[in-house]
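These notes concern the structure reproduced below.
What you see is a predicted model, and the numbers here were worked out from it, not measured in a lab. Just follow the structure's listing: the first ligand is 1, and inside any ligand the first atom is 1. Worth knowing before you read on, the calculation uses all heavy atoms, side chains too, and leaves out hydrogens, waters and symmetry mates.
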Amino acid sequence: MKKKVVSFLLCAAMATGLLAGCGAADDGASTAAGTEAAESTSAEGNGDLPILGAGIYSSTDNFNSYIGKAIANAAKGVFQVNVDDGQLDQSTQLNQIDTAIAKGAKAITVSVVDITAAPTIIQKCEEAGNIPLIFFNKEITDKEVVDSYDNLYQVTSTGGDYGANIQGEEVAEWWKAHPEMDKNKDGKLQLINIMGDPSHTATQPRAKAVKDTIEKAGIELDVLEEDTGKWDTATAKEKMDAWISKYGDEVECITAANDAMALGALQSVEAAGYNEKGEESDKYVPIFGIDALPETLTKIESGEIAGSVLQDAKTQGETIVKIADNLVNGKEALDGTDLEFDTDGSKAVRIPYQAISKDTLQIAEDSYK
Ligand code: GAL
Ligand code: CA
């Protein structure tokens, strides 16, 4: 597999910021819903900086919100930006894009609510004078759509497995290091796998990759349950409540396709008497997530969650802003960076995932500083 170097320095962007006068960026740039009007107004007062129209698909999605914050942080001194909350509603998000364009946005970056809306968003950018459009997090995979606009870029994370190979390796390592994980001593791993939102590009690949990797490591799997938790803590908790009461100690491992759901599973098993004291608990079931959100890191430290996979929101946010800044200033998209586009010919930058356990917490902590 090709290794991409992501030693990514923002000196250029920061220097621009200093020249343009730091503090000019929209301090109110946040992803909070309902404050959009006020934030947009304040952003207008920010003088000379170009406008970046930015939007996440929903502030209810923890990880998406962290990328939104990373964009707002990276944009300080570079763009006037107001990160809109699409509120899970495609027409709301399209209106937000219209508003940004009407205000003179020089570039647009969004995590779409619904990937089938990509052509409409492309058309809006085209009509606004071929302004750069950078999709993030929710990848547009329809090649025809991607190739239909020259000024289209994507910033996501590496690989077709969406980080789940690493998650599978973490499970396999745990199994090898903890013989007691095989509670019923049948030589198989009884697993519950909580999947992402069914409409999401990463959902099927993550579910497949985590299981394939565990099996490739020579572990026979017995999947007790596999169902969607819709990326959501409450949904995952509700499903896990039913499963833990049905299976109890039969459950030997829980993999969740993101940390929000791993946290929901944790709440559920803790209510059933598991994991509260980490591995020292009387009853324990290892839980693995993906994203390595700050709210999970404390749970990994305490041992309540066994591991996660860092999806680097900060570097994604910095990359988005750097690409937009370069393009708005007439430079090549990746000018001044060590980044490369994917070899598949699309203008996609993929930021690597990284394994996070108790021993490597620092990597994830640093990425949220
Ligand atoms: C995934 C992430 C999930 C969720 C989803 C939404 O990459 O792991 O937590 O944020 O994107 O698009
Ligand atoms: Ca077993």
note = When distances are taken from atom 11 (O) of ligand 1, the protein heavy atom at minimum range is Asn137 ND2, 3.1 Å
note = Counting heavy atoms under 4.0 Å, the part of Met261 that contacts ligand 1 is neither
query = OG1/Thr201 to CZ/Arg206 distance, rounded to the nearest 0.5 angstrom?
reply = 10.0 Å
query = Taking all non-hydrogen atoms of both residues, which atom of Glu139 and which atom of Tyr162 are closest, and how far apart?
reply = OE1-OH, 4.1 Å
inquiry  = Rounded to the nearest 10°, what angle sits at the Ca ion (ligand 2) between OD1 of Asn184 and OE1 of Glu252?
reply    = 130°
ask   = Would you say the side-chain atoms of Asp249 and Tyr274 include a donor-acceptor pair closer than 3.5 Å?
value = yes
task = May I ask you to check whether Lys188 brings an N, O or S atom to under 3.0 Å from the Ca ion (ligand 2)?
result = yes
N/O/S from Gln190 sitting under 3.0 Å away from the Ca ion (ligand 2) = yes
request  = Could you tell me whether Glu238 and Lys230 have a side-chain N and a carboxylate O separated by less than 4.0 Å?
outcome  = no
task = List every atom of ligand 1 that sits less than 4.0 Å from any heavy atom of Lys138, numbering the atoms from 1 in the order shown and giving each element.
result = 12 (O)
remark   = the Ca ion (ligand 2) -> Asp186, closest N, O or S atom is OD1
message = Strictly below 4.0 Å, N to O, side chains only: are Asp222 and Lys188 in salt-bridge contact?
response = no
No-hydrogen, no-angle side-chain donor-acceptor test under 3.5 Å, Ser157 and Gln311 = yes
Cationic tip of Lys347 above Phe341 ring, under 6.0 Å, 45° of axis = no
remark   = Of all protein heavy atoms, the one nearest atom 8 (O) of ligand 1 is Asp291 OD1, 2.6 Å
note = the protein heavy atom lying closest to atom 10 (O) of ligand 1 turns out to be Asp61 OD1, 2.7 Å
ask   = Looking at the Ca ion (ligand 2), which N/O/S atom of Asp182 is the nearest one?
value = OD1
key: Short N or O distance, Gln311 and ligand 1, threshold 3.5 Å exclusive   = yes
key: Mode of Tyr57 contact toward ligand 1 - side chain, backbone, both, neither (heavy atoms, under 4.0 Å)   = side chain
task = For Arg206, take its heavy atoms, then give the atoms of ligand 1 lying under 4.0 Å from any of them.
result = 1 (C), 2 (C), 7 (O), 8 (O)
remark   = The atoms of ligand 1 lying under 4.0 Å from a heavy atom of His200, numbered in the order shown, are 5 (C), 6 (C), 11 (O), 12 (O)
task = Verify, without hydrogens or angle tests, whether Asn193 (side chain) and Glu226 (backbone) share a donor-acceptor contact under 3.5 angstrom.
result = no
task = Ignoring hydrogens and angles, state whether a donor on the side chain of Asn165 or Thr213 is under 3.5 Å from an acceptor on the partner side chain.
result = yes
